[in-house]
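A quick write-up on the structure given underneath.
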Amino acid sequence: MSSEDYRLSFIANHSRLVRKLTPFELIQTLFTEELITLTEKEQVESISTDTQKIGKLLGIFHRRYNGYPDIFKKVFDVLVKINSDEGGYIDHVIIKLEESIEKPPSFSSSHELLTEEDRARLRLHEETILRTLDIANILPDLISEGVITFDESENIVSTADAQERNKRFLKLLTARGSDAYHRFVDILKETEVYEDLGHKLVGTGVVNGGTDEKKYVEDILKKGHVPPPPQYYVRRTELIRSIRKELRKLMNTDSWVLLSGLPGYGKTVLAAESVRSLSLLRDVFIGGVYWLSVGSMTTSDGGISNDALLEKMQNFILRMDKDKYRPNNLESAKDYLQTVMAEQYPQSLLILDDVWESETAQAFSIRCRTLITSRNADIANGIQTNNVYKVSIMEGFTVDEGKDLLSKATGLSVEDLPSAASDIIRLCYGSPIALDIISASLKRNLTPARWMSVVERLKKKRTGTLAVKASSITTPGTVRRRSSETKRGKAKDTLNASIGLSEEGLPQDVREHFHMLVVFDPDITITTEVLAILWNEEPDDAEEIMMTIVGWSLAQKAVSTKSTQGFLSFTVHDLIIEYLQDTVPNEKQVTYHQELVQSYSDNCNSVFSKLNPDGYIHQKLIPHLYSALMFDELGQLLSDIQWLAASCVHWDPNSLLGHYKKYRSNVPEQYRDTANELQLFLSRHLDVLGSPHITTEDVIQLALATPSDKLYEIARGVASRNTNTLWLDWCNRSSINLPTAFLQLQPHRNEDMRYCQFFNGGSSVLSCSSNEAKIWKASTGEVLESFSGHTNSITHCVINETGDLLVTASDDKTCKVWEFPKKLLCTFTAHQDGVQSCDISSDNKFIVSADIGSAVKVWSSRSGEIKEEWDHGDSGIASCCFSPTGDLIVVASQDGLISLYDMNGLFAATFLIVATPAISPTTEKQISLFPPSRTTSVGSGMSSSFTVRSAVFSKDGTLIAAAVGDCTAKVWSVDTKQMVHSFRHASDVLCVDLSFDSSLLVTGCFSGTVNVWSLAKGVPILEIPLHYDYVSCVQFSPQENIILSSSGSSVKFIHNQETESNSWKLYLRRFVTRFTQKDSEYIPSIVCYDTIKRRLEICEGLDGQTVQVINTFSGLKPRSWDMSHDRKLVAMGYDNGALQVLDVNTQSTVWLKEGAHDKSVLDCFFSPDDGKLLSCDETNHKVWSVANGDELSCQPDCSDFRTMPCVFYNDSNKVASAAPGHVLVWDSSTGSKLFRCDGISDNPQESILCVNISGDNTRLIASASNGRIAVWSAVNGDRLYTRAYVSSSAGYSLSRFCSLNYDGTIAAVGHDDSALMIYNFNGTDTKCSSSGSSAWMINTQFSPNNKQIVTLSDSIQWWTIDGSKKKQFLLKSTFGKHLCFSPDFSLFITIDNTGLLYILKFQDFQK
């Protein structure tokens, strides 16, 4: 039998082993047989329960299996021996193991997703699972059944929180196939306590009929926020049956049901009651039903409020989405909501209640089964779906239904209702809401006189406002339309009369309170606490007043019964709000808004930023100020950064930005500049400000790091008043000028972009991903329009400058021409292969397109008629474009040819690129050919070693620039046909663009770097490692002050500022810092390589000014460098293997070793006493004498040192260096090995990512790629401690950086899932979350007094030893690269991944 057979047998019998084995004798025997170590024995014995002890032992065996395949056979032999010695007490266990060994079980390795039905049931009962199940109780069975692996089980049980364990398991289960799902369900059904849950997960857990069925239905509907039946519910059987019939048609299609009808005719109640059906929920909408009240999105000028619509969609996404993502524009919100409903809520029904506009319906067209209620039957025209099934409700209650309601509301039997009841029903047109409101007034006075007075009141109500003269009706369509309008007008008049009757019944003092409800938007939830502030009452009294209004059917109790303070919440129907808006005088409405604002102002002593969050005021204060005509106060609020910070924390920055856009123009002039600064700040930091972990302090700190001096001063003023808060000053902020990315947008969420283009003077951008093209605002990323319709991936897009004509090209062999806003002019289908590129002529008359099969076609933009076409050659085409005048076309092909054609397809010139290894442009050849006529074999007989990625004209048509596959960008003169520039890059150039004045060239590279070159000087101006991934497009704005670059799904904008200013400290790859104390302050000396000026510099002071330029060996760029601790020497290692030590003061070389290494010197650093220098290449560590350059020792033990760190002991006599799977300690003077530190991993090739030593030289720590750390004695290598980190999301996460406090008793370890683990070896371990960040935590260090920890990821964070976060500074880019601090822990230096330098100092801004 193989070792794998034994392992599988132990997995299959895991549950039996855990429950049947007794650990005491087993542990002793395993230790005696050397199958577990002493440390492992102690760890197992420290566990409290027997089952957990056995589980721990099995885990040890599983982890050891790869390095010790016979482990399970050896353990089996131990069990057989114990069984024999103990008289066969585990015979049944041995027998089952033997059976499984002889016939090994097979576990499904399927990675297919759950079926949609299983996924829907799991999602539906997720809350029940999280609440009632403890997955730890059935983990052994899950392992035995192969549902999860042992490693996965360890991840699950690594947390003490039962709900978190369940969440981890569910995340794993959703990635398994249905086979694993049903094995899980079978385990539940076989476990008595979970049997009912198991039946529910396969749809058999509901008993038909009785209270169980009702509870099942109500639980599902309550979870989906479906409103309950009204207090006096009348069942409209025929209508409900009709709606359910249409809903059943949605079983196998993502179609819509439209329920349309007059206002007040019960659409909402009918929609809710139609889904209150067990058969519908169990057979059709397995994933549940989810309700969203929408309402009107129409603005006062008749348009659509995109901001209000976006906020509605954002709030719904936050309610539904597990990840709580908040999209920042309508298009991305629509796309993301579609993903959420498809992936998280399959086979569910979305109900959109009270939709007014077709544009709103369009926004929710997300390929989801949908029921929509609307007053507007024509709204179906805006729904993009195959089928819309319609149910029309143009009549109210029948007389019998109306009497049923009046009977229930008044307490009279139907037979006892007076005859006037029929008249009331008829006069109300059977409107359910009108009858409900009238019944509230009738039940308080049941006399016949009262009933008759209601009849007379309704008869007197004038309804002639929409009367139609018969002579004006000309067509049947007009008859139907105007009849509907007339009926709608009469219904509204009747409803208003009904509301008026109830209003008159209110006590006089309550009536005024009712009128004040006009300040609220329709259908929002209003808490008692907000009403108490509006009415200036105590909450108890406010609730009582509101219940009186509810009693007259003028408001309703909200479905969510109680507020956080235990009071009721309420809603007011939109028709009642409309009534109040029509009947309460305008000046009175203004007064009510003013009173609400004043009440809130009194609660916070007129400092609105200090308002307690109540779920309302941060969202609505700005509109209330506007409606109150308090424009000066509105200006103050929009100019208050503390209000902005509070709103970001307690509300949403995207919605707040919408308020700035809408109301900023209404504020007095003196506030507009500041309000504009804050609006710009919001738009540029939406992603950061939208984090659920953001604090008001973070917002102010972010503003202190802004490039705007005005905003900095505003934030500084706030900081000076908050003296109890730690503030950081970015000391070199003003000297940077920030020509770096100031805005990052994601118009195509999670989709890689193919191309981007400025237009409309640089204010707008066109971009395309494989699925669609989008037009969006360059300032905010707000998507204005999207274009799709291709049957294969979109490859390219182009738009004219005015933005009214655009073209999309696709792999489906077509081009589509669109006229803005979204009119498809024509589809060009003449290509036989996928179209790769296209362009529009300057006069908009023609389009050129080229395909992968080398066909080039010029055709009419209006008709698609071909003007010219030709074959470019044998190789595929990469790009094509018109000259600015439209008379020439440049075509770049993958065989290295760049060809010019005229509009008739005749050659003008062809450039063949022959690249040589030399860098100088003069050594690169260019061949110019002028064929006399068109040929079908372009460039025949010519070839190039390099692909041309793209080619473009300059804006004046005098130059052509190309991205070439030999890591160069080349520029030719169109007139002379000669190459004028060739710029060498470190990686492949993928895209290029020339500035409008042809003075600059921007290039984007495969490495993610964006470069700007001066054509006049022939030198680089900027070199910016801006992106993670390759750059797909770069382009200058028309004003040339902005450069757009795209990579993956993100677009970044950078300022272009050509300057030689010495104040720039940007785009640094690495740096070394030493500190000097002057008076009571520390001054940094920073050694860095400036990639702009291409020189090594020493910068001093808090502003980072260059004070000295270092003369490098032969002018070469050093690969690595370090400064001695006394700041007298600089050591530099080079790519050619040379090593140099330079005297800083004299600039003279102390010594130079040209052959120090055979390969590039990847790192070099001085020993703590400055007497030795350690350098390393890929295979060797070497130690040199600083005094004379003699080689003292060499340690060539590792095959790859690029990921193997090393560190000097503090006495400089020893070096600890990492090797695969272990750490080696050796003598720095002789190179002799002193001892080896093992035990961090069972894998001998495990990567060690960090090695560090405690301040007292007593302990070593190392972290590995398997998430583990180990601590050893720094004296003899004995292992003292190990810890294994298991990520809650990834199973395990790299332990990227580790450090020890001074005596080595506490370790701080940073992980790739952004977690900080604080291991107290004499106490309790602590896990700290990095505030929702997903960035690696790449640096952790203890403060000199060992009381704090500072970490680096996408921010710098300060923590106490017990894990409390004290402070956070958000970096401008994605992550930091290195961190150092002054001895007094007040000054911090780092760079981010774009090379931006930060000199940060804790600052008291009062000084």
Side-chain angles (χ1 to χ4, degrees), residues 224 246-247 249-260 267 271 285 287 289-298 303-317 319-321 325 327-391 747-751 769 771-776 782-791 818 821-824:
E246 302 306 319
L247 287 172
K249 295 178 182 178
L250 306 185
M251 176 175 285
N252 297 312
T253 178
D254 294 333
S255 298
W256 289 47
V257 172
L258 170 61
L259 187 58
S260 62
K267 300 181 294 297
F285 307 121
V289 178
Y290 300 93
W291 185 284
L292 176 63
S293 296
V294 181
S296 173
M297 298 293 156
T298 304
I304 300 298
S305 173
N306 287 332
D307 292 330
L309 181 54
L310 175 60
E311 184 179 348
K312 181 70 69 172
M313 298 184 76
Q314 287 172 334
N315 291 336
F316 186 60
I317 289 171
R319 187 179 113 197
M320 303 294 287
D321 180 30
Y325 171 70
N328 59 13
N329 60 68
L330 283 175
E331 286 295 327
S332 59
K334 179 178 179 180
D335 293 344
Y336 191 73
L337 184 56
Q338 178 174 318
T339 302
V340 168
M341 296 305 294
E343 295 182 358
Q344 300 182 36
Y345 302 89
Q347 291 192 311
S348 62
L349 176 69
L350 171 61
I351 300 180
L352 302 173
D353 183 40
D354 194 27
V355 177
W356 288 48
E357 308 90 4
S358 59
E359 292 87 348
T360 304
Q362 169 76 29
F364 283 96
S365 295
I366 54 173
R367 299 180 184 175
C368 170
R369 291 180 284 186
T370 306
L371 169 62
I372 183 173
T373 74
S374 179
R375 308 177 184 189
N376 178 13
D378 294 333
I379 206 168
N381 300 332
I383 302 172
Q384 290 183 340
T385 186
N386 294 330
N387 293 301
V388 178
Y389 305 104
K390 301 178 181 179
V391 178
H748 301 265
R749 178 172 168 79
N750 296 330
E751 293 183 3
S769 65
N771 291 324
E772 60 185 341
K774 294 185 178 183
I775 290 176
W776 42 278
E782 178 185 350
V783 176
L784 304 175
E785 195 57 81
S786 61
F787 304 84
S788 58
H790 287 282
T791 59
W818 309 81
K822 206 169 184 177
K823 178 182 178 182
L824 180 62

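Excluded from the calculations below are hydrogen atoms, water molecules and symmetry mates; all remaining heavy atoms, backbone and side chain alike, are included.
- A distance of 13.0 Å separates CG in Leu337 from CZ in Arg367, rounded to the nearest 0.5 Å.
- Listed for the Lys267 side chain is no donor-acceptor partner under 3.5 Å among the backbone atoms of Ile372.
- Not counting sequence neighbours, Glu357 has no partner by the salt bridge (charged side-chain N to carboxylate O under 4.0 Å, His left out) test.
- Shortest non-hydrogen contact noted between Ser260 and Ala377 is OG-CB, 3.7 Å.
- For Tyr290, the ring-ring contact (aromatic ring centres under 6.0 Å, His included) partners at least two apart in sequence or on another chain are Tyr345.
- Among residues two or more places apart in sequence or in another chain, the side chain to side chain donor-acceptor pair (under 3.5 Å) test is passed with Asp307 by none.
- In this structure, Gly224 and Arg319 approach most closely via the heavy-atom pair O-NH2, 3.4 Å.
- Remark: Ser788 engages no residue in a side chain to side chain donor-acceptor pair (under 3.5 Å) (not counting sequence neighbours).
- Side-chain contact between Leu350 and Ile366 is present, with at least one heavy-atom pair separated by less than 4.5 Å.
- A side-chain donor-acceptor contact under 3.5 Å links Asn315 to the backbone of Glu311.
- Side-chain contact between Val355 and Ile379: present, with at least one pair of heavy atoms (C-beta onward) separated by less than 4.5 Å.
- Shown here are the side-chain contact (heavy atoms from CB on, under 4.5 Å) partners of Leu250, two or more places apart in sequence or in another chain: Leu247, Ser255, Val257, Phe285, Leu349, Arg369, Tyr389.
- Here Lys334 contributes atom NZ and Thr339 contributes atom OG1; the two are 12.5 Å apart, rounded to the nearest 0.5 Å.
- Annotation: ring-ring contact (aromatic ring centres under 6.0 Å, His included) contacts of Trp291 (sequence neighbours excluded): none.
- Between Thr370 and Leu352, some side-chain heavy-atom pair lies under the 4.5 Å cut-off.
- Partners of Glu772 according to the salt bridge (charged side-chain N to carboxylate O under 4.0 Å, His left out) rule, which considers only residues two or more places apart in sequence or in another chain, are Lys774.
- Side-chain contact between Ile351 and Leu292 is absent, with no heavy atoms from C-beta onward closer than 4.5 Å.
- The minimum heavy-atom distance linking Met313 with Ala333 is given by the pair CE-C, 4.1 Å.
- For Ser374, the side chain to side chain donor-acceptor pair (under 3.5 Å) criterion is met by no residue, not counting sequence neighbours.
- Looking at heavy atoms from C-beta onward, Glu359 lies out of side-chain contact with Met297 at the 4.5 angstrom threshold.
- Partners of Glu785 under the side-chain contact (heavy atoms from CB on, under 4.5 Å) rule, at least two apart in sequence or in another chain, are Phe787, Phe820, Pro821, Lys822.
- Note that OG1 of Thr360 and CG of Asn306 are 9.0 Å apart. Values are rounded to the nearest 0.5 Å.
- Residue pairs meeting the ring pair (Phe, Tyr, Trp, His ring centres under 6.0 Å) criterion with at least one partner in residues 350-380, sequence neighbours excluded, are absent.
- Partners of Lys390 according to the salt bridge (charged side-chain N to carboxylate O under 4.0 Å, His left out) rule, which considers only residues two or more places apart in sequence or in another chain, do not exist here.
- Residues meeting the ring-ring contact (aromatic ring centres under 6.0 Å, His included) test with Phe316, sequence neighbours left out: none.
- Among all heavy-atom pairs drawn from Gln344 and Met320, the shortest one is OE1-O, 3.4 Å.
- For the atom pair CH2 of Trp776 and OG of Ser786, the computed distance is 14.5 Å after rounding to the nearest 0.5 Å.
- Under the 3.5 Å distance criterion, the side-chain polar atoms of Ser365 are left unmatched by any main-chain donor or acceptor of Ala363.
- Between Asp354 and Arg375 the shortest side-chain heavy-atom distance falls below 4.5 Å.
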Next on the checklist: Run Ile317 and Tyr336 through side chain to side chain contact (heavy atoms under 4.5 Å, CB included) and show every step you take.
Outcome noted: CA-CA 8 Å; Ile317 289 171; Tyr336 191 73; 3.8 Å; yes
